[in-house]
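Hydrogens, waters and symmetry mates are skipped; everything else that's a heavy atom, side chains included, is used.
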Amino acid sequence: MVGFIHHTAEVSDQAQIGDETKIWSMVQIREGSMIGGGCNVGRNVYIDTDVKIGNRVKIQNNVNVYRGVVVEDDVFLGPSMTFTNDFYPRSFNEDWKVTPTLIRKGASLGANVTVVCGHTIGEYAMVGSGSVVTRDVADYALVAGNPAKQIGWVCRCGHRLDKEFRCPACGIQYKNLEGLC
């Protein structure tokens, strides 16, 4: 059973919404989209046709998730971030092609991030606010900037790893992260 759908939200009858998902005001969820259980979809979010969103995903206000995007479980999509889905956008192009994008389990994308289509954001990776992702991001990588470049590594808990790949917050020691980039 859906947790909550605000009366101003437009949710297609052909969309699938998981148990305990909350959908707030002014949200539009298009036909064919699938949103897992335990998600939180903030105010003024747009979810296009055939988008796939996993379980326990937090989508902050004003996010745009366009067709071709797949978001796995436990992902955080920060305020006003957006995805693209066409490398050659033109208003008059009738044969445009959707280029898929994948956001892997546990990744976090900060406020105002733009993800250019065709890329994968790795598991538990973190993208700094305002960044523009123009290439794949490795698992556990910390990236920032325009274009986004790797500036470090993060723990599953979200804290930046030290030079020995140890998390100062939870103490986990990682091995072989260098080989991921």
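If you chain together hydrophobic residues whose side chains sit under 4.5 Å apart, Val154 and Ile151 fall into the same group.
Listed for the Ser131 side chain is a donor-acceptor partner under 3.5 Å among the backbone atoms of Gly145. The closest donor-acceptor contact from the side chain of His119 to the backbone of Thr134 lies under 3.5 Å. Looking only at distances, no side-chain donor or acceptor of Asp86 sits under 3.5 Å from a matching main-chain atom of Trp96. In this structure a side-chain-to-backbone donor-acceptor pair under 3.5 Å is missing from Asn112 to Ser129.
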Decide side chain to side chain contact (heavy atoms under 4.5 Å, CB included) for Ile47 and Ile59; before the verdict, give the C-alpha distance in whole Å, the side-chain angles of both, and the deciding distance to 0.1 Å. CA-CA 10 Å; Ile47 298 175; Ile59 305 174; 4.3 Å; yes
Passes side chain to side chain contact (heavy atoms under 4.5 Å, CB included), Val127 versus Val133? Steps please. CA-CA 8 Å; Val127 180; Val133 176; 3.8 Å; yes
Arg104 vs Glu72, test: salt bridge (charged side-chain N to carboxylate O under 4.0 Å, His left out). Steps then yes/no. CA-CA 5 Å; Arg104 302 288 312 275; Glu72 293 182 352; 3.2 Å; yes
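Under the side-chain hydrogen bond (donor to acceptor under 3.5 Å, both in side chains) test applied with Ser25, the options Arg43, His7, His6 reduce to a single match, Arg43. Here the rule is side chain to side chain contact (heavy atoms under 4.5 Å, CB included) with Phe83, and of Val113, Thr101, Val116, Asn64 only Thr101 fits it.
Separation of atoms CD1 (Ile121) and CZ (Arg135) is listed at 11.5 Å; rounding is to 0.5 Å. To the nearest 0.5 angstrom, Asn55 atom CG is 10.5 Å from Glu20 atom CD. Separating the OH atom in Tyr174 from the CZ atom in Arg156 is a distance of 7.5 Å, to the nearest 0.5 Å. With rounding to the nearest 0.5 Å, the separation of CG in Leu142 from CD in Gln150 is 7.5 Å. One distance of note links CD1 of Ile53 with CD of Gln16; it measures 12.5 Å at 0.5 Å rounding. Taken to the nearest 0.5 Å, the CZ atom of Arg166 stands 8.5 Å off from the NZ atom of Lys175.
No side-chain N or O of Asn44 forms a donor-acceptor pair with one of Asn61 less than 3.5 Å apart.
More than 12 heavy atoms of other residues, nucleotides or ligands sit less than 6.0 Å from atom NZ of Lys105. Annotation: Lys22, atom NZ; neighbour count of heavy atoms from other residues, nucleotides and ligands within 6.0 Å does not exceed 12.
In this structure, the side chains of Asn62 and Val45 stay at 4.5 Å or more apart for every pair of heavy atoms. A 4.5 Å side-chain heavy-atom check between Cys167 and Cys157 finds at least one atom pair inside the cut-off. Within the 4.5 Å cutoff, side-chain heavy atoms of Ile35 are placed close to those of Ile29. Using a 4.5 Å cut-off on side-chain heavy atoms (C-beta onward), Gln173 and Phe165 make contact. The shortest side-chain heavy-atom distance between Cys155 and Cys170 falls under the 4.5 Å cut-off. For the pair Asn40/Trp24, a side-chain contact is recorded, criterion being any heavy-atom separation below 4.5 Å from C-beta on. Side-chain contact between Thr84 and Val115 is absent, with no heavy atoms from C-beta onward closer than 4.5 Å. In this structure, Thr21 and Ile23 have side chains that are in contact, with non-hydrogen atoms separated by less than 4.5 Å.
Listed here is the closest heavy atom pair of Gly158 and Met126: O-CE, 3.5 Å. Minimum heavy-atom separation, Gly54 to Val57: O-CG2, 3.6 Å. For Thr99 against Cys117, the heavy-atom pair with the smallest separation is O-CB, 3.4 Å. When all heavy atoms of Val143 and Val137 are compared, the pair lying nearest together is CG1-CG1, 3.9 Å. Scanning all heavy atoms of the two residues, the minimum distance from Phe76 to Gly78 falls at CE2-CA, 3.5 Å. Contact detail for Glu123 and Asp139: the closest heavy-atom pair is N-OD1, 2.8 Å.
Ring centroid separation for the pair Tyr140 and Tyr124 comes in under the 6.0 Å cut-off.
The residues Asp48 and Arg30 are annotated as salt-bridged, a charged nitrogen and a carboxylate oxygen being separated by less than 4.0 angstrom.
Annotation: side-chain contact (heavy atoms from CB on, under 4.5 Å) contacts of Pro79 (sequence neighbours excluded): Gln60, Ala111.
Ring orientation note: the planes of Tyr66 and Tyr46 are tilted relative to one another, at an angle of 30° to 60°.
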